There are 2 protein chains.
Amino acid sequence: MAVHVSELANIDRAAENLGDAAYRQMKERIIRGVYRPGHKLTVRAVAQDLDVSTTPARDAINRLASEAALVYAGPKTVVVPVLDAKALQEITLIRLALEGLAAQQAAEHVVPQDVEALRALQRQINSALDAGQYADALWHNKEFHFAIFRLARLPHLVSMIETLWLRIGPSLHDLYPEFAKERFGVHNHEVAMEALEERDGPGVRAAMENDIRDGYRRLRRACRERATRSAQ
Amino acid sequence: MAVHVSELANIDRAAENLGDAAYRQMKERIIRGVYRPGHKLTVRAVAQDLDVSTTPARDAINRLASEAALVYAGPKTVVVPVLDAKALQEITLIRLALEGLAAQQAAEHVVPQDVEALRALQRQINSALDAGQYADALWHNKEFHFAIFRLARLPHLVSMIETLWLRIGPSLHDLYPEFAKERFGVHNHEVAMEALEERDGPGVRAAMENDIRDGYRRLRRACRERATRSAQ
DNA sequence: TTTACAGTTTTGTTGCAACAAAATTATACG
DNA sequence: CGTATAATTTTGTTGCAACAAAACTGTAAA
């Protein structure tokens with residue numbers, strides 16, 4: 001078994017076992033929006049999908065469930081979570097606290113070439129948006145945010161933030177047409193990069209908090225529209 | 001399998017399986033300081049301790065490791081973590097962000113009888129300190145803090161804070177003689193309760209942040225003394 | 001059409017054995 | 001005595017079968 005808290009270096013990482021591999025693959029699928037909210041996951045189905053036996057599949061599902069990346073809809077049914085307004089609000093509050101902290105700390109360690117790497121990521125986001133490839137845009141957006149978080153050099157913090165993204169990931173993808181239409185985040189990202197260049201911690205924090213709040217407002221609106229539509 | 005994110009209500013919680021029971025027992029043992037930092041945990045030993053087969057024992061260990069309540073010292077060796085100065089500092093930063101948020105939000109929902117319950121917990125802490133029962137004092141101290149956190153009505157947040165306490169728990173107990181000598185936290189707790197009575201969110205946050213910082217300074221000092229002692 | 005119920009299928013859990021790899025101990029050598 | 005090496009034990013992993021419980025499906029009654 002390898003390192004369980006991702007981003008946590010310094011421990012001698014051994015060869016990954018099947019359970020870890022299954023976990024990693026499932027995590028990527030969830031964050032990429034392969035599974036829609038409400039989708040039911042069974043041990044045997046996952047085992048077949050990933051071509052492993054039930055034990056590693058069960059390991060992966062259990063681990064994702066314990067991180068609330070999957071939730072129990074019944075005693076024997078794990079599903080991809082469907083975020084309601086209350087959960088979305090709570091996760092946003094936690095994101096503001098943790099990602100704000102990471103953003104601010106990032107300014108303590110940033111060097112010019114980090115900002116250059118961020119600009120490259122931003123170009124990838126823009127290209128994807130131009131091409132209408134919204135799933136790619138969301139992926140690059142995630143990369144952009146985590147590139148900043150990693151600058152904070154706080155591995156525990158980064159892995160905790162990751163679990164939060166895992167919880168909203170499916171809903172984000174479920175709504176992404178509405179989401180990407182408005183060229184999300186571009187301005188906030190520009191501000192964040194400028195603040196990083198000036199090593200202005202509070203400035204980076206403010207930009208990233210703005211980005212979270214903007215995303216929250218769009219997600220909440222989409223949630224409500226979805227709710228009223230299904231209520232008809 | 002029951003609810004994995006503790007404090008997360010609304011899901012119909014089914015009968016707990018052996019893996020969950022093992023996880024819960026191990027968690028309590030860790031937070032109560034039964035296992036010292038550095039203690040090695042094996043699947044078969046845990047299985048024997050808890051009188052279950054290897055499967056639930058493995059489940060519990062894996063889950064605790066994925067929460068960083070246990071860490072890998074080698075590819076096949078999980079141990080109770082030994083906090084170094086850097087990890088202690090990072091966890092303290094995260095605690096300030098999350099527990100500060102929970103404390104502030106607690107003021108939004110508090111009612112007088114909540115404060116009365118807190119006063120009862122504080123009396124238990126004081127009694128334990130008077131009697132020199134430091135392990136009990138630490139336990140009641142934990143109850144006091146989490147009684148406040150739960151007032152925030154943010155279950156995801158509470159469970160994330162719980163994982164942080166799980167990470168420092170063993171080191172706290174390892175050092176508790178030095179820790180309890182100074183009647184930790186009593187004043188901060190009093191201030192927190194007064195602020196709660198006045199529904200003063202920032203006041204509650206400040207008191208709890210103070211408590212975290214005080215604890216951090218003591219833990220860091222004890223860590224350093226321990227380090228210099230072992231270096232001789 | 002909806003609801004209640006019985007039968008059927010699916011599903012998670014649990015324990016276990018075999019295996020490979022790591023950790024530990026014993027041994028021999030410098 | 002310390003260190004490198006080999007032998008031995010311990011350990012995590014993996015797959016699987018049996019079991020109980022839940023989920024599902026079809027059926028019949030209101």
Side-chain angles (χ1 to χ4, degrees), chain A residues 1-5 8 10-26 35 37-82 232, chain B residues 1-5 8 10-26 35 38-82:
Chain A
M1 185 168 309
V3 181
H4 266 164
V5 175
L8 216 60
N10 88 326
I11 310 173
D12 39 329
R13 53 178 62 230
E16 183 179 66
N17 62 10
L18 290 180
D20 286 333
Y23 168 75
R24 215 167 22 78
Q25 287 191 48
M26 292 297 296
Y35 302 118
H39 186 273
K40 181 179 168 182
L41 289 164
T42 68
V43 170
R44 285 166 175 89
V46 170
Q48 197 171 351
D49 274 9
L50 305 182
D51 203 47
V52 291
S53 84
T54 59
T55 308
R58 185 172 172 269
D59 284 351
I61 291 177
N62 276 345
R63 192 168 157 192
L64 288 163
S66 87
E67 291 174 0
L70 299 176
V71 299
Y72 286 86
K76 279 194 176 181
T77 28
V78 283
V79 299
V80 179
V82 186
Q232 291 172 347
Chain B
M1 185 165 308
V3 180
H4 266 165
V5 173
L8 216 60
N10 88 324
I11 311 173
D12 41 329
R13 53 176 62 232
E16 181 179 66
N17 63 8
L18 289 180
D20 286 335
Y23 167 76
R24 215 166 24 78
Q25 286 190 48
M26 292 298 295
Y35 302 118
H39 185 273
K40 181 179 168 185
L41 289 164
T42 68
V43 171
R44 285 166 175 89
V46 170
Q48 197 171 352
D49 273 10
L50 305 183
D51 203 46
V52 291
S53 87
T54 59
T55 308
R58 185 172 171 269
D59 284 351
I61 290 176
N62 277 346
R63 192 167 158 194
L64 288 163
S66 86
E67 292 174 359
L70 299 175
V71 299
Y72 287 86
K76 278 195 176 181
T77 28
V78 284
V79 298
V80 178
V82 185

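Below, chains carry the letters A, B, ... as their sequence lines are ordered, and counting in each starts from 1. Nothing here was measured: the structure is a model prediction, and the numbers come from that model.
- Within the 4.5 Å cutoff, the side chain of A/Leu64 has heavy atoms near those of the A/Met26 side chain.
- With the nearest nucleotide of DNA chain C identified for both B/Lys40 and A/Thr55, A/Thr55 has the one nearer the 5' end.
- For C/dA23, one of the phosphate oxygens OP1 or OP2 lies less than 4.0 angstrom from a side-chain nitrogen or oxygen of B/Thr77.
- If you check distances only, the side chain of A/Arg44 does reach the base of C/dG12 with a donor-acceptor pair under 3.5 Å.
- Between the P atom of D/dT11 and the CG atom of B/Leu70 lies a distance of 16 Å, rounded to the nearest Å.
- For the pair B/Ile61/B/Val43, a side-chain contact is recorded, criterion being any heavy-atom separation below 4.5 Å from C-beta on.
- When the P atom of C/dG15 is taken as reference, atom CG of B/Asn17 falls 11 Å away, rounded to whole Å.
- Between atom NZ of residue B/Lys76 and atom NZ of residue B/Lys40 there is a gap of 10.5 Å, rounded to the nearest 0.5 Å.
- One can place CD1 of B/Ile61 at 9 Å from P of D/dT13, the figure rounded to the nearest angstrom.
- Between the CG atom of B/Leu41 and the C1' atom of D/dG12 there is a distance of 14 Å, given to the nearest Å.
- For the pair A/Asp59 CG and D/dG15 C1', the computed distance is 12 Å after rounding to whole Å.
- Closest to the side chain of B/Asn62, from the set C/dA23, D/dT14, D/dT13, is D/dT13.
- If you check the side chains of A/Tyr23 and A/Glu16, you find no donor sitting under 3.5 Å from an acceptor.
- Among residues two or more places apart in sequence or in another chain, the side-chain contact (heavy atoms from CB on, under 4.5 Å) test is passed with A/Ala45 by A/Thr42.
- Nucleotide D/dT10 holds its P atom 12 Å from the CD atom of B/Gln48, rounded to whole Å.
- Regarding contacts with the backbone of C/dG15, every side-chain N or O of B/Thr54 stays at 4.0 angstrom or more from both OP1 and OP2.
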B/Asp49/B/Gln25 under side-chain contact (heavy atoms from CB on, under 4.5 Å): CA gap, chis, key distance, verdict: CA-CA 10 Å; B/Asp49 273 10; B/Gln25 286 190 48; over 6 Å; no
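- The interatomic distance linking A/Glu16 (CD) with D/dG12 (P) rounds to 18 Å, in whole Å.
- If you check distances only, the side chain of A/Lys76 does reach the base of D/dA21 with a donor-acceptor pair under 3.5 Å.
- Each end of the helix from C/dT1-D/dA30 to C/dG30-D/dC1 gets its own axis, taken as the rotation carrying the C1' atoms of four end pairs onto the next four within a five-pair window, and the two axes meet at 30° to the nearest 10 degrees.
- In this structure, A/Arg58 does not reach the C/dG12 phosphate: none of its side-chain N or O atoms is under 4.0 Å from OP1 or OP2.
- As rounded to whole Å, 9 Å separates atom P of D/dG12 from atom OH of B/Tyr72.
- Along DNA chain D, the nucleotide nearest to B/Thr42 and the one nearest to A/Val52 differ in position, and the one closer to the 5' end is contacted by B/Thr42.
- Among residue pairs with one or both ends in residues 40-66 of chain A, none qualify as ring-ring contact (aromatic ring centres under 6.0 Å, His included); sequence neighbours excluded.
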